[in-house]
Student: 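Here it is, the structure in full.
Side-chain atoms are counted along with the backbone in the values below, which use heavy atoms only and exclude waters and symmetry mates. When a residue number appears, it is its place in the shown sequence, counting from 1.
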Amino acid sequence: MSGFYKLFHNNPGGGDDFEYSSMLASLFLKDDDDFAAAPSEEAAFFVDQHVASSVMLTHRVAPDHQPPAPTPAEVVTGSGGCRGTGRSRKRRFQADDDELAAAVTVGSTATRRAPSSSPSSDGSGEGNDTVGERGGGRRVWVRVRSKQWWNHLSDPACPEEEFRRAFRMPRAVFDKLCDDLAAAVAKEDTTLRAAIPVPHRVAVCIWRLATGEPLREVSRRFGLGISTCHNIILQVCAALTVVLFGKVVRWPQSSDSLASAASMFEAVSGIPGVVGAVHTEHIPIVAPRECAGKYYDRRLTERNQKVTYSVAMQAVVDANGTFTYVCTGPGSLCDATVLEKSGLGRRFEAGEMMHGELGEDDGQWGRQQPHRLVGGKSFPLTDWMLVPYAHPNLTWAQHRLNERVAAARGAARGAFRRLRARWRCLRHPVELKLPDLPKILGACCVLHNLCERGSSGLDADLLLHDDLFDEDGVVAADTVPSAAAEHARDRIAHDLLHAGNAFF
């Protein structure tokens, strides 16, 4: 017999009684050699389409195929499966005397008992609450969740240190952030329920980025549903990227701002004309469904001893440790390729950002001061990119230049270290779709700049055990693309060693 289950048992009365057990939700009876009689002669099967998703009807038939005496039949409704359990709800009815079976009919407008609004027996304080009624007497129920943790932190009486440790920023910066995002993330109240306030929404996103905790823990802390928390995080990150990214992460536009950035780097490293330090960090992600080969990171795979996928996040950092330019690319690309494909790299190659104001050189005017970036050995040496010497047996001047370049790059490395320490979601594989990754990375960069400019300190314990992925061991294929770039680097190295700079 195929299409249903047959169950045999011995009849104490001496007969060869048998019992059919069937799943009546979607199965149908098929002919079989052992049971050639028509189904109507042996048993009847019924489906209650209004009450249960799976129904099991058992009926005993005598060997002479005579209709038995009216006996109570049983319909078991449960969450699934063909066998009833102790937790299933049972409903009994009396079979008709003149027919072999009875139909189970339930009205489509069956009355349902509303869940109790009292707290659950486990002491968690969660229950159900009526928030509105609709036509026909139908009421809407919302699960009441505890918001005690968030209510404590949102209370003005909460200590500032506790608030800053939870959200990585002072309360004043958090309030200013809520005001800037209010127009983008605020929702309107409906007849069913009140909208989640803007500070509540922003706090959900920031705490998730800061801790990297799973959505279940975010839901428990803030008293919201898991899917609600997920949608809020994406919405707030999108608002941070659209509303604030262009205002907070900005390349110096005026000549005065470029001159100020160059002077700060010169005070740190002694190298003139440096307006930014470049660093690339590989953010691990889960294996994408499409184009997985582009995001396969061979270097991280060798380092972690397991298959790793990543997104290359490349940024230019000023001397204060804030991001001035950010771009991303697949994790399989090297640092030089990411910079070459970025908009900033194309602008430098076109000569649009090479020179600033006219400066004084050896007491004479008439020569423009070039603007350049500093990077590691994984970048090629160009007219606008200064990298350290990679060959062995360095001279005194070359060794001094490498030290000064490392001091300038320290601003970028420190910025990325603090970025990963504040927003710990970047330290674990990001479980998001590829179109949503730029929103998360952009939001983290915006929040990093706000914290850096807001003078919000970072706890020392957050910086422990944070090793940046550095490609200093990877040397660019073409480290000296032109003789002019090599000559300019040798000249800078000579000046640093013999010009009597202040740091000697």
Student: Could you check whether atom NZ of Lys176 has more than 12 heavy atoms from other residues, nucleotides or ligands sitting under 6.0 Å from it?
Tutor: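 No, because the 6.0 Å sphere around NZ of Lys176 holds 12 heavy atoms or fewer from other groups.
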Student: Working to the nearest 0.5 angstrom, can you tell me the gap between Arg250 CZ and Gln253 CD?
Tutor: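 Between Arg250 CZ and Gln253 CD, I get 5.5 Å after rounding to 0.5 Å.
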Student: Does His279 use its side chain to pair, donor to acceptor, with the backbone of Gly414 at less than 3.5 Å?
Tutor: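 No.
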Student: Using every non-hydrogen atom in the two residues, find where Val326 and Met313 come nearest and quote the distance to one decimal.
Tutor: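 That closest heavy-atom pairing would be CG1-CE, 4.1 Å.
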Student: Between Asp297 and Tyr309, is any pair of side-chain heavy atoms under 4.5 Å apart?
Tutor: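 They are not in side-chain contact.
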Student: Is it the case that Asp318 and Tyr325 place a side-chain donor and acceptor less than 3.5 Å from each other?
Tutor: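 On atom types as modelled, these side chains do not qualify, holding no pair under 3.5 Å.
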Student: Quick one: closest heavy-atom pair of Gly376 and Val387, and the distance?
Tutor: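 It is O-CG1, 3.3 Å.
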Student: For a side-chain contact (heavy atoms from CB on, under 4.5 Å) check, start with the C-alpha distance between Ser310 and Ile283, then their side-chain angles and the critical distance, and finish with the verdict.
Tutor: CA-CA 5 Å; Ser310 69; Ile283 308 300; 5.8 Å; no
Student: Could you give the distance from CG (Asn151) to SG (Cys158), rounded to the nearest 0.5 Å?
Tutor: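 Output value for this atom pair is 11.5 Å.
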Student: Does any N or O in the side chain of Ser260 come within less than 3.5 Å of the main-chain N or O of Asp256, such that one atom is a donor and the other an acceptor?
Tutor: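 Looks like no, no N/O pair under 3.5 Å.
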Student: At what distance, to the nearest 0.5 angstrom, does CZ of Arg216 lie from SG of Cys229?
Tutor: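 Reported value, rounded in 0.5 Å steps: 11.5 Å.
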Student: Can Glu349 and Arg346 be said to form a salt bridge (charged side-chain N to carboxylate O under 4.0 Å, His left out), step by step?
Tutor: CA-CA 5 Å; Glu349 284 291 343; Arg346 290 193 295 267; over 6 Å; no
Student: Walk me through whether Glu217 and Arg220 qualify under salt bridge (charged side-chain N to carboxylate O under 4.0 Å, His left out).
Tutor: CA-CA 5 Å; Glu217 181 64 18; Arg220 187 185 68 84; 2.6 Å; yes
Student: Taking the side chain as C-beta and beyond, is there a heavy-atom pair between Ile492 and Arg372 under 4.5 Å?
Tutor: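 A side-chain contact under 4.5 Å exists here.
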Student: Within the distance-only criterion (no hydrogens, no angle test), does the side chain of Gln314 pair as donor or acceptor with the backbone N or O of Thr328 below 3.5 angstrom?
Tutor: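 No: the side chain of Gln314 does not pair with the backbone of Thr328.
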Student: Tell me the closest heavy-atom pair linking Glu431 and Val286, and the distance in Å.
Tutor: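 Of all heavy-atom pairs spanning Glu431 and Val286, the closest is CG-CG1, 3.6 Å.
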Student: Contact between Arg424 and Arg168 at the side-chain level, heavy atoms closer than 4.5 Å - yes or no?
Tutor: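 The answer is yes; the side chains approach within 4.5 Å.
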Student: Just by modelled atom types, is the Tyr389 backbone N or O under 3.5 Å from a matching donor or acceptor in the Asn402 side chain?
Tutor: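 Here the side-chain-to-backbone pair exists.
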Student: What are the two closest heavy atoms between Leu434 and Glu290, and how far apart are they?
Tutor: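 Between these two residues, the closest heavy atoms are CD1-O, 4.1 Å.
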Student: I'd like to know if the side chain of Thr190 reaches the main chain of Glu188, judged simply by a donor and an acceptor atom lying under 3.5 Å from each other, with no hydrogens or angles considered.
Tutor: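 No: the side chain of Thr190 does not pair with the backbone of Glu188.
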Student: For Phe167 and Trp150, take the angle between the two ring planes, folded into 0 to 90°, and tell me which bin it lands in: parallel under 30, tilted 30 to 60, perpendicular over 60.
Tutor: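 Correct class here is perpendicular.
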Student: Could you give the distance from SG (Cys205) to CH2 (Trp207), rounded to the nearest 0.5 Å?
Tutor: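 If I round to the nearest 0.5 Å, the distance is 12.5 Å.
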Student: Which distance, rounded to the nearest 0.5 Å, do you find between the OH of Tyr296 and the OG1 of Thr301?
Tutor: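 Reported to 0.5 Å precision, the distance equals 3.5 Å.
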Student: Is the count of non-hydrogen atoms from other residues, nucleotides or ligands lying under 6.0 Å from His391 atom NE2 greater than 12?
Tutor: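 More than 12 heavy atoms, drawn from other residues, nucleotides or ligands, come within 6.0 Å of this atom.
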Student: Would you say that Leu401 contacts Arg489 through its side chain, given a criterion of any heavy-atom pair below 4.5 Å between the two side chains?
Tutor: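 Touching, per the 4.5 Å side-chain cut-off.
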Student: Using the rule given for salt bridge (charged side-chain N to carboxylate O under 4.0 Å, His left out), can you reason through Glu452 versus Arg422, listing the C-alpha separation, both sets of side-chain angles and the distance that settles it, and then say yes or no?
Tutor: CA-CA 11 Å; Glu452 290 289 323; Arg422 279 195 179 99; 2.9 Å; yes
Student: At what distance, to the nearest 0.5 angstrom, does CZ of Arg171 lie from CD of Glu160?
Tutor: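 Interatomic distance, Arg171 CZ to Glu160 CD, rounded to 0.5 Å: 6.0 Å.
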Student: Compute whether any side-chain donor of one residue and acceptor of the other, for His152 and Gln148, lie under 3.5 angstrom apart.
Tutor: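 Short answer, no.
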Student: Looking at side-chain heavy atoms only, is the closest gap between Val317 and Thr322 below 4.5 Å?
Tutor: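 When only atoms from C-beta onward are counted, Thr322 and Val317 do not touch, as no gap falls below 4.5 Å.
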Student: Give the minimum heavy-atom separation between Thr241 and Pro438, together with the two atoms involved.
Tutor: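 That closest heavy-atom pairing would be OG1-O, 4.3 Å.
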Student: Short question: side chain of Gln398, backbone of Thr395 - any donor-acceptor pair under 3.5 Å?
Tutor: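 Such a contact is found between Gln398 side chain and Thr395 backbone.
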Student: So, the side chain of Ser263 versus the backbone of Ala259: is there a donor-acceptor pair under 3.5 Å, distance only?
Tutor: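 Yes: the side chain of Ser263 pairs with the backbone of Ala259.
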Student: Only pairs under 3.5 Å count here: list side-chain donor-acceptor contacts from residues 441-451, not counting sequence neighbours, and write none if there are none.
Tutor:
{"unit_1": "His448", "atom_1": "NE2", "unit_2": "Gly321", "atom_2": "O", "d": "3.0"}
{"unit_1": "Asn449", "atom_1": "OD1", "unit_2": "Phe323", "atom_2": "N", "d": "3.0"}
{"unit_1": "Asn449", "atom_1": "ND2", "unit_2": "Val248", "atom_2": "O", "d": "3.3"}
{"unit_1": "Asn449", "atom_1": "ND2", "unit_2": "Phe323", "atom_2": "O", "d": "3.0"}

Student: Answer whether the closest heavy-atom distance between the side chains of Leu244 and Leu177 falls below 4.5 Å.
Tutor: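 Touching, per the 4.5 Å side-chain cut-off.
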Student: Is there a side-chain contact between Phe348 and Asp383 in this structure, where contact means two heavy atoms from C-beta onward sitting under 4.5 Å apart?
Tutor: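 In short, these two side chains do not touch, never coming nearer than 4.5 Å.
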Student: How close do Thr280 and Ala312 get, heavy atom to heavy atom, and via which atoms?
Tutor: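 Shortest heavy-atom separation between Thr280 and Ala312 comes out as CG2-CB, 4.2 Å.
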Student: Look at the side chain of Thr324 and the backbone N and O of Val316, then say whether any donor-acceptor pair between them is shorter than 3.5 Å.
Tutor: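 Present.
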Student: Do Leu373 and Phe379 touch side chain to side chain, with heavy atoms closer than 4.5 Å?
Tutor: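 Sidechains of Phe379 and Leu373: no contact.
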Student: Could you go through the salt bridge (charged side-chain N to carboxylate O under 4.0 Å, His left out) check for Glu213 and Arg221 one step at a time?
Tutor: CA-CA 11 Å; Glu213 293 290 342; Arg221 295 261 183 170; over 6 Å; no
Student: Would the distance check show the side chain of Asp436 and the main-chain N or O of Leu432 forming a donor-acceptor pair, the cut-off being under 3.5 Å?
Tutor: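 Flag not set: sc Asp436 to bb Leu432 has no pair under 3.5 Å.
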Student: Could you check whether Arg165 pairs with Glu162 (Lys NZ or Arg NE/NH1/NH2 to Asp/Glu carboxylate O, under 4.0 Å)?
Tutor: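 Salt bridge between Arg165 and Glu162, a charged N being under 4.0 Å from a carboxylate O: no.
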Student: Looking only at side chains, do Ser254 and Ser257 share a donor and an acceptor under 3.5 Å apart?
Tutor: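 Indeed, the side chains of Ser254 and Ser257 share at least one donor-acceptor pair under 3.5 Å.
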